[in-house]
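The chain is numbered in sequence order, starting from 1. The structure displayed is predicted, hence computed values, not measured ones.
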Amino acid sequence: TALTVGFALYLLARNQELQEELQQKVDAVVKRNEPLTPEHIAALTCISHVVKETLRLYPPASATARLLTRDTVLSGYCIPAGTFAAGLNGMMSRMEEYFPRPLEFLPQRWQRDRPYGPIHPFASLPFSHGTRMCIGKRLAEQEIYTFLIRVSRS
C-alpha cells in the first residue's frame, strides 16, 4: 500500500495539470471539514483511475507464478504439467499491444468509455486474479483511495 501511494504521489507530482484537476474534483465532492464516506469514494471514480494506472505502471509484485498441475496449451505451445509458469506483470502492463502509449501516466484510459481503446481484462493484474487473488486487495484499495482523497483536498 505504501509503495503504491508513493508512486501515485510521484506520478501526480509529475503531472501538475492532472493533480489540479483531481484536487478540484475532490473539493467538489468532499466539502471542507466533512468526514469522508463510502459515498464520496464511490463518486470519485477519478481516484480509482489514478490508482489503477499507478498499479499498471508500478505493480507491487513483479510477477504472478504458478506450478502447472496439468498439461496446458498457451498460444499454441504445449506446456507440460510440473512446469513453473510466471506472468510478468510489469512487462505486460507496458506492452503497446495492450496499452497504447504504455509508458505514459494516463489515468483516463480506465474511464468507462475507454478513450484509448479496450483494455484486455488480464493485461494488468497487480493483485493476481481468481481464487488465489490477494485477500487484502479491497482493504489496500480503500486505504489508498482514502489517503489520496485526503491529500488532494485543498
Side-chain angles (χ1 to χ4, degrees), residues 1-19 21-22 25-26 36-152:
T1 305
L3 184 70
T4 301
V5 166
F7 278 123
L9 293 174
Y10 166 74
L11 292 166
L12 288 167
R14 292 193 51 170
N15 190 327
Q16 189 68 33
E17 184 179 308
L18 182 61
Q19 183 181 1
E21 179 183 326
L22 187 68
K25 288 179 180 178
V26 167
L36 188 60
T37 67
E39 290 76 22
H40 292 133
I41 294 172
L44 290 165
T45 56
C46 55
I47 293 289
S48 70
H49 300 155
V50 166
V51 172
K52 285 181 181 181
E53 187 69 350
T54 300
L55 288 167
R56 182 188 71 80
L57 288 168
Y58 300 102
S62 59
T64 301
R66 299 288 183 266
L67 182 64
L68 300 180
T69 57
R70 62 178 186 261
D71 291 351
T72 305
V73 176
L74 295 173
S75 299
Y77 295 96
C78 183
I79 303 169
T83 301
F84 190 70
L88 303 176
N89 299 327
M91 187 173 90
M92 290 279 295
S93 296
R94 293 170 181 253
M95 292 176 68
E96 183 87 38
E97 69 183 274
Y98 298 117
F99 296 99
R101 298 164 57 187
L103 301 179
E104 294 180 50
F105 178 62
L106 302 169
Q108 59 272 29
R109 81 170 74 240
W110 298 98
Q111 292 171 353
R112 193 172 292 272
D113 64 347
R114 300 289 195 249
Y116 294 98
I119 297 173
H120 190 285
F122 299 111
S124 179
L125 296 172
F127 295 99
S128 190
H129 183 73
T131 57
R132 308 248 339 249
M133 179 177 75
C134 173
I135 61 171
K137 175 185 178 184
R138 300 283 184 239
L139 177 62
E141 288 174 337
Q142 293 302 309
E143 287 178 343
I144 297 166
Y145 298 160
T146 299
F147 183 87
L148 292 177
I149 290 169
R150 289 179 186 252
V151 166
S152 297

Is the count of non-hydrogen atoms from other residues, nucleotides or ligands lying under 6.0 Å from [X] atom [atom1] greater than 12?
| X | atom1 | value |
| --- | --- | --- |
| Glu17 | CD | no |
| Ile135 | CD1 | no |
| Tyr116 | OH | yes |

Flag the pair [X] / [Y] as yes when at least one side-chain heavy-atom distance between them is below 4.5 Å, and no otherwise.
| X | Y | result |
| --- | --- | --- |
| Phe99 | Leu57 | no |
| His49 | Gln108 | no |
| Pro60 | Leu55 | yes |
| Leu36 | Thr146 | yes |
| Ser124 | Ile119 | no |
| Lys52 | Pro126 | no |
| Arg109 | Pro100 | yes |

Ring pair (Phe, Tyr, Trp, His ring centres under 6.0 Å) partners of Phe105, counting only residues at least two apart: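 Testing Phe105 for ring pair (Phe, Tyr, Trp, His ring centres under 6.0 Å), a comparison that skips the adjacent residues, returns none.
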
Sequence-distant partners of Phe127, ring pair (Phe, Tyr, Trp, His ring centres under 6.0 Å), two or more places apart: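 Residues passing ring pair (Phe, Tyr, Trp, His ring centres under 6.0 Å) with Phe127: none at all.
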
In Å and rounded to the nearest 0.5 Å, what is the [atom1] to [atom2] distance from [X] to [Y]?
| X | Y | atom1 | atom2 | result |
| --- | --- | --- | --- | --- |
| Gln16 | Gln19 | CD | CD | 4.5 Å |
| Thr83 | Leu74 | OG1 | CG | 10.0 Å |
| Met92 | Glu97 | CE | CD | 7.5 Å |
| Leu106 | Glu53 | CG | CD | 5.5 Å |
| Thr64 | Met133 | OG1 | CE | 12.0 Å |
| Thr54 | Ile144 | OG1 | CD1 | 8.5 Å |

Option from Leu12, Leu9, Val26, Val5 for which side-chain contact (heavy atoms from CB on, under 4.5 Å) with Val151 holds: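 Result for side-chain contact (heavy atoms from CB on, under 4.5 Å) with Val151: Leu9.
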
Which heavy atom of [X] sits nearest a heavy atom of [Y], and at what distance?
| X | Y | answer |
| --- | --- | --- |
| Pro80 | Asp71 | CA-OD1, 3.3 Å |
| Leu67 | Gly82 | CD1-O, 3.2 Å |
| Pro107 | Leu18 | CG-CD2, 3.5 Å |
| Arg14 | Tyr10 | NH1-OH, 2.7 Å |
| Leu88 | Ala63 | CD2-CB, 3.8 Å |
| Asn89 | Ala61 | ND2-O, 3.0 Å |

Can you list the residues that meet the side chain to side chain donor-acceptor pair (under 3.5 Å) rule with Glu39, with sequence neighbours excluded?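 Testing Glu39 for side chain to side chain donor-acceptor pair (under 3.5 Å), a comparison that skips the adjacent residues, returns Thr37.
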
Going by the rule side chain to side chain donor-acceptor pair (under 3.5 Å), which residues pair with Arg132 if we only count those two or more places apart in sequence or in a different chain?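 By the side chain to side chain donor-acceptor pair (under 3.5 Å) rule, Arg132 matches no residue at all.
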
So, Ser93 side chain and Gly90 main chain: donor-acceptor pair closer than 3.5 Å or not?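 The answer is no, because no donor-acceptor pair under 3.5 Å joins these two groups.
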
Spell out, as yes or no, whether a donor-acceptor pair under 3.5 Å connects the side chain of Thr72 to the backbone of Arg70.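 Answer holds: yes.
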
Any residue meeting salt bridge (Lys or Arg N to Asp or Glu O under 4.0 Å) with Arg101, in chain and number order, not counting sequence neighbours: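 In terms of salt bridge (Lys or Arg N to Asp or Glu O under 4.0 Å), with neighbours along the sequence ignored, Arg101 is linked to Glu104.
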
How far apart are the C-alpha atoms of Ile47 and Ile41, what are their side-chain angles, what is the distance that settles it, and do they pass the side-chain contact (heavy atoms from CB on, under 4.5 Å) test? CA-CA 8 Å; Ile47 293 289; Ile41 294 172; over 6 Å; no

By the salt bridge (Lys or Arg N to Asp or Glu O under 4.0 Å) test, which pairs, at least two apart or in different chains, include something from residues 111-127?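 Qualifying pairs, neighbours excluded: none.
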
Aromatic rings Tyr58 and Phe7: how do their planes relate, parallel, tilted or perpendicular, breaks at 30° and 60°?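 Aromatic pair Tyr58/Phe7 classed parallel.
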
